[in-house]
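Quantities reported herein were computed from a predicted structural model and do not represent experimental measurements.
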Amino acid sequence: MSNPAVPPRSLAEALRARDDVSLAALLRARPDLITPVPTDLTQLATRAGTRASVVRALERLDRFALQTAEALAVAADPAPYGELLALLTGDDGDPAVSAALPRALATLREQALVWGDDERLRLVRTARELLAPAPQHPSPTGLGPTVQEATAGMSPGRIQDIVTATGLGSTHDSVSAVASLTALFTDRGRMSALLAGLPEESREVLSRLVWGPPYGQVTAEPAAHLRRLLDLGLLVPTAPGTVVLPREVALHLRGGRAHREVEPLPPAVEPAATHRPQVVDATAAGQAYTALATVEELLKDWDEGGPAVLRAGGLSVRDLKRTAVALDVAEPVAAFWVELAYAAGLLASDGEADERYAATPAHDEWLEQPPAERWTRLAEAWLTATRVSGLVGGRDAKDRTLSTLGPGLDRSAAPEVRHRVLTLLAGLPEGASPSRESVLARLRWERPLRGPQREDDLRSRLAEWTVTEAELLGVTGRGALSGHGRALLGASAPRTPDKAPEGPGDKLPVHHRPTVAEPLSPAEQATASAAAARLLAPLLPEPLDHVLLQADLTAVAPGPLQRSLAEVLDVLADVESKGGATVYRFTPGSVRRALDAGQSASDLHAFLAAHARTPVPQPLTYLIDDVARRHGHLRVGAASAYVRCDDDALLNEILADKRAAGLRLRRLAPTVLAAQADPASLLDGLRAMGFAPAAESAEGDVLITRAHAHRTPPRTAPEPVPDGPPVPDATLLSAAIRAIRAGDLAATTPRRQTDQPQPASGELPRTSSAETLATMQAAVLTGEALWIGYVNAEGSASQRVIAPIRVEGGFVTAYDHTADEVRTYPLHRVTGVAELAEE
């Protein structure tokens, strides 16, 4: 461990001074640093400074933390805390910025983007390169280069001319001249006097450049007011026809502020309306029931095999339109329900040669669960899914149309945005629904680098889709988070953020910022889902076991029906209208469908009598008896196809009917007709003529036709596409930190001075086999620790600190400080050994 009294000289030393809790916070905030686990803290520091890792860390900063990093990028390196504070508050000061800066600085330190004490704050080199002003990528601050940087290519004579024009004494070299000019530009009093002597036109030019961009164009013969600025060095030429406003001049004109607007606090999420919590819960529960009914209807519609899979994957536009008509919803909403069922593992492609979409075996298990548990499964799948149905109909990078269930719909940021939007709703009072603008403003403050600042950036669109989908699913009601939706997030009560530190010396405990709540672990989510199901269950309507029969051959279901009742009624009658009450209509075709499914007339009469709260109307009784009397009187079988009937007069009627010409019937016997059509076509043709034939098997028995439930092989739900490496759990963090500490001990422990050449830093020790054996045996007797190089069976080399216990049979048994356990190593895999210094 480094001496805390000595300022760290590098990021590696700063990390070495941290405790395990602080290192765990770093690895949790930047999980890419632990993949794979670094060998020591030096490697961890090197990895933390790579461009890809720094870009990812910057993208996850909130606006004020990012503004703090941007201010450090234009400050001196290193910069004291007071200079950083002045860049953010300006000459007038800002109590809100002063109060928020310690927290932002603690965040940057926690994520290893800033290191050093308050007197020597350093931004990691890669972050400075990304955020510092440059012609190729202007700084978000709008500042330009310093005087020293802007005059780097200027001739010494020209620099002396500028110094003389400003009234400063000439110097003997350019370095001291630039230093003198910098001192002038940073002296508020002298700088104010210098600017006061400029003409109004010159000050107007400076005011146009002060907030950026700092570059401007001039002609080969600039006007007098521009020439005056060039002579004084207030504008510095950078290329032919191009000038730049030096950073020190801009900061003076800005009153010392690096940013035009500093946002130390997140914008508040404003309620747009407030409803009674009971109304919100009831509305959301109604939507939850509708969601369950919609998904069930979708999968029932695809029960015998759904639409074909496109060659490129996904659902065709025509099939999506058909699905939308069947569900009586708009096409974007139909795409949402299809994608939701897919995310929940309830439908998939069957993998056959003629590939089609169908329900999975998990769908049958899902149907057997209580309604509230079925809803939580859908809601969990929605929360974690990375597939975004809102993208359907758009174009990918290759200008191909994005289709439902097709490739290209995954967006790794979707789960985070959904969770964050719902968390913001959970922070409002119960029953309050937020305004769209305040939610989007808050999200942009929390992740300013995740997309351009425009209304149609992906993060904003994801937030808008989240609000719409949460309402469709019943997580929210009337725009407000419901009680079961709050329980689903594990947010039964709004969390109170930690108190901000009051000064630069106050260090925050190292943990994640309270502005962004993290998703629950699988165990926590299971508990939260169970609580949500308990809250939702009493709000869902109880299934009914009866219908109301009417004399116009309709039945009214005043609410949701029990599954067994609904399944039989779907076969016996056609759905005429849906809504709060479902209206079924009985027709000859629907009654025949029930008879084809194996029901008899007596079965149907008994079914209606058992489930009707009203007497069975006489017209319905007559309809059933009439269809049943004619059902099966004609028999169709396979010859190619034939018709047989004991009533030869009926066969004569069929032969005489002109509509039978397409079937090409001929009489084989008084009671048998043959057809040059397949049995299915013959059945459909005769039914179209008004007859009620029944199909029979090769043995002459009546065939009972039931819907064939087509299922895919067992399928798992699609895996979400992760947004970078997963956050490590506590066990992995503990093991990784122990390994990093041990590796760092092996890399930094002093070696005893010997006559043998010492290995360079990072290299493995090299000794002969005899020297290795002798040193090991001596260490067993003295109990000393040794530094060894070791190559495992996979060829991976590492350095370790061990305390040998015994040496025998070509193996050494030792306590390995690196692994914190006793291990046995083959001596032939030890590259060399070195003794450690006594201290």
Out of curiosity, Leu235 CG to Leu230 CG, how far, rounded to the nearest 0.5 Å? 5.5 Å

Salt bridge Arg63-Glu446, side-chain N to carboxylate O under 4.0 Å: no

Show your reasoning for whether salt bridge (charged side-chain N to carboxylate O under 4.0 Å, His left out) applies to Asp62 and Arg442. CA-CA 10 Å; Asp62 61 48; Arg442 179 62 171 268; over 6 Å; no

Closest heavy-atom contact between Ile159 and Thr151? CD1-O, 4.1 Å

Are the charged groups of Asp92 and Arg257 less than 4.0 angstrom apart, N to O? no

CG-CD distance between Leu131 and Gln67, expressed to the nearest 0.5 angstrom: 11.5 Å

d(Ile162 CD1, Leu184 CG) to nearest 0.5 Å is 11.5 Å

Between Val178 and Gln148, the two heavy atoms sitting closest are CG1-CA, 3.7 Å

Apply the test side chain to side chain contact (heavy atoms under 4.5 Å, CB included) to residues Leu391 and Arg461: give CA-CA distance (whole Å), side-chain angles for both, the deciding distance (0.1 Å), then the verdict. CA-CA 10 Å; Leu391 297 172; Arg461 287 188 292 159; 4.2 Å; yes

Distance-only side-chain donor-acceptor flag, Thr171 / Gln160, under 3.5 Å: yes

Gly116 backbone acceptor or donor facing Arg109 side chain under 3.5 Å: yes

Under 3.5 Å, side chain of Ser22 to main-chain N/O of Asp19, donor-acceptor pair present? no

Should Glu416 and Arg459 count as an ion pair when the cut-off is N to O under 4.0 Å? yes

Do Thr35 and Asp32 have side-chain atoms, one donor and one acceptor, less than 3.5 Å apart? no

Give a yes or no on whether the backbone of Gly479 and the side-chain of Thr476 come within a donor-acceptor separation of less than 3.5 Å. no

Spatial distance of atom CZ (Arg122) from atom CG (Leu113) [nearest 0.5 Å]: 15.5 Å

Separation between CZ (Phe185) and CG (Leu251), nearest 0.5 Å, reads 12.5 Å

From CA spacing to verdict: side chain to side chain contact (heavy atoms under 4.5 Å, CB included), Arg420, Arg447: CA-CA 11 Å; Arg420 187 60 194 139; Arg447 292 288 186 271; over 6 Å; no

Run the side chain to side chain contact (heavy atoms under 4.5 Å, CB included) check on Gln43 and Arg47 step by step: do they pass? CA-CA 6 Å; Gln43 188 179 92; Arg47 194 177 295 173; 3.3 Å; yes

Rounded distance (nearest 0.5 Å) linking atom OG of Ser202 with atom CZ of Arg227: 12.0 Å

Ignoring hydrogens, what is the shortest heavy-atom contact between Ala14 and Trp115? Give both atom names and the distance. CB-CB, 3.9 Å

With sequence neighbours excluded, residues passing side chain to side chain contact (heavy atoms under 4.5 Å, CB included) with Ala165: Leu232

Quick check: closest heavy atoms across Leu11 and Ala48, and the distance to 0.1 Å? CD2-CB, 4.3 Å

All N/O donor-acceptor pairs, side-chain side in residues 206-223, below 3.5 Å, sequence neighbours left out:
unit_1, atom_1, unit_2, atom_2, d
Ser207, OG, Glu204, O, 2.6
Thr219, OG1, Glu221, O, 3.1

